[in-house]
Amino acid sequence: MTYLDDLLAGADKYFKINLFNTVSGIRSVWMIGTADSRGRKNLGLFNSVVHIGANPPLLGVVFRPESVRRHTLENIRSTGFFTFNSINQAILDLAHKTSLKYSDQEDEFDILGFKPFYFPNHTTPAVEDSPLKILLKRKEEHLIEANKTVFVVDEIINLAVDNSSAVDENGCIRHDLLNHAAISGLNDYYCCQFLKSKWDQKKGSLPKNGNS
């Protein structure tokens, strides 16, 4: 058994950062599409999207401290709308480049060659090649005092799935059928593999100890 003190003994700061960035496991990874008040498009990579609730349909995303300008967050505050764009294995390498630093005068869509997609009656850009695109509206914003990160709560307004068969009869999205990539930390990518569904497991069939 290896404990934290053992892992950190003699380790440099980057080892510590990587350890805590990856300790929470594999997460979804998204490109967030925004536009500023003048219509300039922006695209950035995020691994901090979380589910909040289904009724109303709410997601959340964490932004790093505002010690420097955060163009995505600025645009969300300005317009109130943004998009989540999933990443499959075909666009992974290009999508990762949206994590690089660009000025607010640079358009990541144009620089990287991503074709913008627009939901009906909305001007917030999504990514045409993304297999799952979600249009969101900003609802709340909270400062996390512990580390000065910003948590934005957002409501799903619309979504577009490239492969309709990836939504099963129960309404569940099969991320493996969309070839979605997942991420651990900032740089380590994984593929999604479907294991099993437990929809057929009834409460009365649970083991006596309550474990499945």
Side-chain angles (χ1 to χ4, degrees), residues 21-34 41-62 72 76 81-99 108-109 112-122 124-137 152-203 205-206 211-212:
N21 274 343
T22 58
V23 71
S24 60
I26 299 170
R27 306 189 291 274
S28 62
V29 58
W30 303 82
M31 292 181 287
I32 294 184
T34 61
K41 302 187 298 298
N42 177 271
L43 197 59
L45 192 71
F46 288 80
N47 65 0
S48 55
V49 172
V50 296
H51 167 79
I52 296 178
N55 187 25
L58 299 177
L59 299 175
V61 58
V62 178
T72 298
I76 291 172
F81 293 94
F82 54 110
T83 63
F84 287 164
N85 302 273
S86 67
I87 297 170
N88 62 14
Q89 297 175 45
I91 63 172
L92 190 155
D93 290 339
L94 202 58
H96 187 77
K97 292 182 179 180
T98 64
S99 65
E108 290 88 345
F109 282 86
L112 298 175
F114 282 117
K115 181 181 178 181
F117 168 94
Y118 295 97
F119 286 89
N121 304 314
H122 279 274
T124 304
V127 177
E128 176 73 34
D129 290 335
S130 174
L132 174 59
K133 299 170 271 286
I134 307 174
L135 176 66
L136 305 115
K137 181 179 181 179
V152 176
V153 178
D154 34 272
E155 182 175 3
I156 296 175
I157 304 300
N158 204 345
L159 60 81
V161 185
D162 282 358
N163 179 4
S164 60
S165 63
V167 182
D168 71 16
E169 61 185 5
N170 294 308
C172 297
I173 296 175
R174 283 283 304 273
H175 295 277
D176 60 316
L177 297 181
L178 296 174
N179 293 315
H180 276 163
I183 196 169
S184 177
L186 304 178
N187 301 292
D188 297 337
Y189 288 90
Y190 294 78
C191 60
C192 293
Q193 179 181 358
F194 181 78
L195 296 178
K196 64 175 67 175
S197 174
K198 305 298 287 184
W199 279 99
D200 60 344
Q201 183 165 311
K202 306 299 182 181
K203 185 176 180 180
S205 67
L206 288 174
N211 297 322
S212 58

Calculate, to the nearest 0.5 Å, the distance between atoms [atom1] and [atom2] belonging to [X] and [Y] respectively.
{"X": "Ile87", "Y": "Leu92", "atom1": "CD1", "atom2": "CG", "value": "6.5 Å"}
{"X": "Asn42", "Y": "Phe109", "atom1": "CG", "atom2": "CZ", "value": "8.0 Å"}
{"X": "Asn88", "Y": "Cys191", "atom1": "CG", "atom2": "SG", "value": "12.5 Å"}
{"X": "Ile32", "Y": "Phe82", "atom1": "CD1", "atom2": "CZ", "value": "6.0 Å"}

Using every non-hydrogen atom in the two residues, find where Phe46 and Gly44 come nearest and quote the distance to one decimal.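 So the minimum-distance heavy-atom pair works out to CD1-O, 3.5 Å.
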Residue list, ring pair (Phe, Tyr, Trp, His ring centres under 6.0 Å) with Tyr189, at least two apart or on another chain: His96
My understanding is that only residues two or more places apart in sequence, or in another chain, count here; which of them pass ring pair (Phe, Tyr, Trp, His ring centres under 6.0 Å) with Phe114? none
Taking only residues two or more places apart in sequence, or in another chain, which ones meet Glu128 in a salt bridge (charged side-chain N to carboxylate O under 4.0 Å, His left out)?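 Expected list: none.
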Ignoring hydrogens and angles, write down the donor-acceptor pairs under 3.5 Å from the side chains of residues 177-188, residues two or more places apart or on other chains.
| unit_1 | atom_1 | unit_2 | atom_2 | d |
| --- | --- | --- | --- | --- |
| His180 | ND1 | His175 | ND1 | 2.9 |
| His180 | NE2 | Ser86 | OG | 2.7 |

Step by step, would you call Phe81 with Leu136 a side chain to side chain contact (heavy atoms under 4.5 Å, CB included)? CA-CA 6 Å; Phe81 293 94; Leu136 305 115; over 6 Å; no
Let me see the working for Asp129 and Leu94 under side chain to side chain contact (heavy atoms under 4.5 Å, CB included), right down to the final yes or no. CA-CA 11 Å; Asp129 290 335; Leu94 202 58; over 6 Å; no
N/O donor-acceptor pair under 3.5 Å between Asn85 side chain and Ser130 backbone: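 No, because the side chain of Asn85 does not come within donor-acceptor range (under 3.5 Å) of the backbone of Ser130.
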Checking Thr83 side chain against Pro125 main chain: does a donor-acceptor pair fall under 3.5 Å?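 Yes: the side chain of Thr83 pairs with the backbone of Pro125.
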Distance-only criterion, 3.5 Å: show the donor-acceptor pairs between side-chain atoms of residues 157-169 and protein atoms not counting sequence neighbours.
| unit_1 | atom_1 | unit_2 | atom_2 | d |
| --- | --- | --- | --- | --- |
| Asp162 | OD1 | Lys133 | NZ | 3.2 |
| Asn163 | OD1 | Ser165 | N | 3.1 |
| Asn163 | OD1 | Ser165 | OG | 2.5 |
| Asn163 | ND2 | Ser165 | OG | 3.2 |
| Asp168 | OD1 | Asn170 | N | 2.9 |
| Asp168 | OD1 | Gly171 | N | 3.1 |
| Asp168 | OD1 | Cys172 | N | 2.9 |

Between Trp30 and Val61, does a side chain to side chain contact (heavy atoms under 4.5 Å, CB included) hold up when you go through it step by step? CA-CA 10 Å; Trp30 303 82; Val61 58; over 6 Å; no
In a table with atom names and distances, give each donor-acceptor pair under 3.5 Å that connects a side chain of residues 48-59 to protein atoms at least two apart or in another chain.
| unit_1 | atom_1 | unit_2 | atom_2 | d |
| --- | --- | --- | --- | --- |
| Ser48 | OG | Val62 | N | 3.3 |
| Ser48 | OG | Val62 | O | 2.7 |

